[in-house]
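Just passing along the structure, written as structure tokens.
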Amino acid sequence: MADKRRSGVSTGMSDSKPTTKAETDEDFLSQAGVGVLLRGALLKLVEARSEDPIGFLAEHFSNLASETENSPVGGGDGEHHSNVLEQQQLSRALWHIGLAHHSQRSAFNSNTRVAYDLLMQNGSRRHGAGGVKGRVYTELLRGLCSEGGLSVTASAPLLQRIRCHDHEAVPFELFRQGVLTCAVFTDYIRKSQCLYAAVSSCPERAADRALCQAVLGTLQEALETTSAWTDVARYLEASVKISPCKLAQAMAEAQGPDGGGMGPTMDAQEFEDSAAKLFLARVRIVS
């Protein structure tokens with residue numbers, strides 16, 4: 001009996017279990033879509049070039065899990081559930097947009113499309129609207145400015161020009177242009193802050209007004225001479241192309257032959273506001 005049991009167990013295990021287990025593993029991975037999930041995560045990681053790959057992947061899968069948990073599957077508790085879902089989708093949309101810098105145009109546009117489709121899930125399609133709700137779109141732009149380091153005061157003039165009415169449906173191209181404008185504007189403000197630092201001889205004191213006005217004049221000239229009317233990103237390119245030589249020349253002319261003295265000053269906030277106005281004057285108002 002014992003010999004028969006040992007013989008039976010031996011032949012049964014060797015003939016069937018390894019094959020069955022291997023097939024089960026493959027079926028499980030295929031049915032769970034693990035290959036697709038991993039491939040998508042790795043593509044996002046390559047796009048983002050994150051310095052913390054493990055942290056990036058953890059956040060990526062956390063976002064996917066959150067999307068799955070909060071996908072509408074039927075009823076809910078009405079308006080409260082819809083508002084909570086909307087805030088979660090806004091957070092995930094901001095995360096997707098932040099995966100690639102706007103200079104990586106193909107990846108940036110692709111991530112912006114993902115964000116747009118995500119925001120469309122919260123009722124726009126059900127109501128037959130032709131795009132993301134204007135209120136949600138404006139809230140997203142406000143979040144982009146905030147994450148880019150802009151204060152409410154700094155971002156308000158820009159949002160006033162490109163926001164939409166709450167009831168409006170925002171098509172993708174307008175959505176993409178608004179997102180791009182916010183991303184470029186935050187970079188532009190950072191560049192203007194660097195220009196002010198170059199003018200200011202001492203971080204504790206305000207810079208000479210004549211020098212600041214010379215730099216702002218050079219910036220304005222760069223913006224006016226670029227053919228940026230069809231692509232807001234070129235405003236940033238124009239500000240970056242101000243060469244150190246040209247900047248030094250403008251500053252030398254402002255100081256005069258005797259090197260100048262410390263006259264009226266301009267603080268960093270006034271300089272930033274003046275630089276912002278040069279940019280905003282070229283942003284088309286959404287009507």
Side-chain angles (χ1 to χ4, degrees), residues 44 47-48 63 86-120 122 124 131-166 168-195 219 222-223 226 228-240 269 271-287:
K44 291 293 184 184
E47 285 182 1
N63 273 288
E86 182 178 286
Q87 289 304 313
Q88 291 171 337
Q89 288 173 331
L90 274 169
S91 296
R92 291 194 292 273
L94 286 168
W95 183 79
H96 279 292
I97 292 171
L99 289 177
H101 190 262
H102 63 80
S103 60
Q104 300 172 272
R105 188 59 61 85
S106 178
F108 183 82
N109 286 343
S110 175
N111 293 338
T112 301
R113 183 78 220 195
V114 171
Y116 183 84
D117 290 341
L118 182 63
L119 295 176
M120 282 283 288
N122 194 36
S124 295
V132 169
K133 296 176 183 176
R135 175 177 53 80
V136 175
Y137 163 73
T138 301
E139 191 63 31
L140 178 79
L141 298 184
R142 188 176 290 112
L144 285 172
C145 291
S146 177
E147 290 193 352
L150 294 183
S151 66
V152 174
T153 303
S155 61
L158 174 66
L159 294 177
Q160 189 63 33
R161 300 179 81 85
I162 63 176
R163 67 183 296 274
C164 288
H165 295 295
D166 290 354
E168 290 182 301
V170 181
F172 174 69
E173 187 51 38
L174 180 58
F175 180 92
R176 186 194 69 81
Q177 190 65 19
V179 168
L180 177 61
T181 300
C182 286
V184 172
F185 185 65
T186 55
D187 269 4
Y188 174 87
I189 292 299
R190 283 193 287 268
K191 296 296 181 185
S192 71
Q193 292 168 346
C194 291
L195 286 175
L219 177 58
L223 293 175
T226 185
W229 299 105
T230 58
D231 189 348
V232 70
R234 293 190 181 179
Y235 297 142
L236 181 61
E237 294 173 9
S239 66
V240 172
Q269 189 59 57
F271 184 90
E272 181 181 312
D273 292 343
S274 298
K277 287 179 181 178
L278 295 177
F279 182 100
L280 294 171
R282 291 159 176 78
V283 176
R284 186 178 63 183
I285 299 176
V286 175
S287 56

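Quick caveat: nothing in here was measured; it's all calculated off a predicted structure. Numbers for residues simply follow the sequence, beginning at 1.
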Excluding sequence neighbours, so at least two apart, what forms side-chain hydrogen bond (donor to acceptor under 3.5 Å, both in side chains) with His101?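 By the side-chain hydrogen bond (donor to acceptor under 3.5 Å, both in side chains) rule, His101 matches Ser103, Asp187.
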More than 12 non-hydrogen atoms from neighbouring residues, nucleotides or ligands closer than 6.0 Å to CZ on Arg284, yes or no? no
Phe175 side, atom CZ; Met120 side, atom CE - distance, nearest 0.5 Å: 10.5 Å
Separation between CG of Leu180 and CZ of Arg105, rounded to the nearest 0.5 Å: 5.0 Å
Which pair of non-hydrogen atoms, one from His96 and one from Asn111, has the smallest distance, and what is that distance?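 Looking at all heavy atoms of both residues, the shortest contact is O-CB, 3.2 Å.
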Check whether Arg92 reaches the backbone of Leu118 with its side chain - one donor and one acceptor, N or O, closer than 3.5 Å. no
Specify the closest pair of heavy atoms between Leu94 and Gly143, including all atoms of both residues, with the distance to one decimal.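 Of all heavy-atom pairs spanning Leu94 and Gly143, the closest is CD2-C, 3.9 Å.
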Gly134 backbone acceptor or donor facing Thr138 side chain under 3.5 Å: yes
Quick one: pull up SG in Cys145 and CG in Leu140 and give me the separation to the nearest 0.5 Å.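 Output value for this atom pair is 9.5 Å.
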Atom pair CD1 (Ile189) and NZ (Lys191), whose distance is rounded to the nearest 0.5 Å: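 If we round to the nearest 0.5 Å, Ile189:CD1 and Lys191:NZ are 12.5 Å apart.
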Mind telling me whether Phe108 and His102 have parallel, tilted or perpendicular rings, with 30° and 60° as the class edges? perpendicular
Residues that Leu141 engages under side chain to side chain contact (heavy atoms under 4.5 Å, CB included), provided they are two or more places apart: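 Residues passing side chain to side chain contact (heavy atoms under 4.5 Å, CB included) with Leu141: Tyr137, Leu144, Leu159, Ile162, Val179, Cys182.
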Close side-chain approach of Glu86 and Arg135, heavy atoms under 4.5 Å: yes
Closest contact, heavy atoms only, Arg142 versus Glu139: NH1-OE1, 3.0 Å
Residues which pass side-chain hydrogen bond (donor to acceptor under 3.5 Å, both in side chains) with Asp273, listed by chain and number, not counting sequence neighbours: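 Checked Asp273 against side-chain hydrogen bond (donor to acceptor under 3.5 Å, both in side chains); matches are Gln269.
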Starting at OG1 of Thr181, measure out to CZ of Arg282 and round the result to the nearest 0.5 Å. 14.5 Å
Note: Ala154 and Phe185 closest approach over all heavy atoms is O-CE2, 3.8 Å
Would you name the heavy atoms of Ser192 and Glu272 that are closest together and state the gap between them? OG-CG, 4.3 Å
Rounded to the nearest 0.5 Å, what separation is found between the CG atom of Leu174 and the CD atom of Glu168? 8.5 Å
Side-chain heavy-atom pair Phe172, Thr112 within 4.5 angstrom cut-off: yes
Ile97 to Ala115 - nearest heavy-atom pair and separation: CG1-CB, 3.7 Å
Look only at the side chain of Tyr116 and the backbone of Glu173, and say whether a donor-acceptor pair between them is shorter than 3.5 Å. no
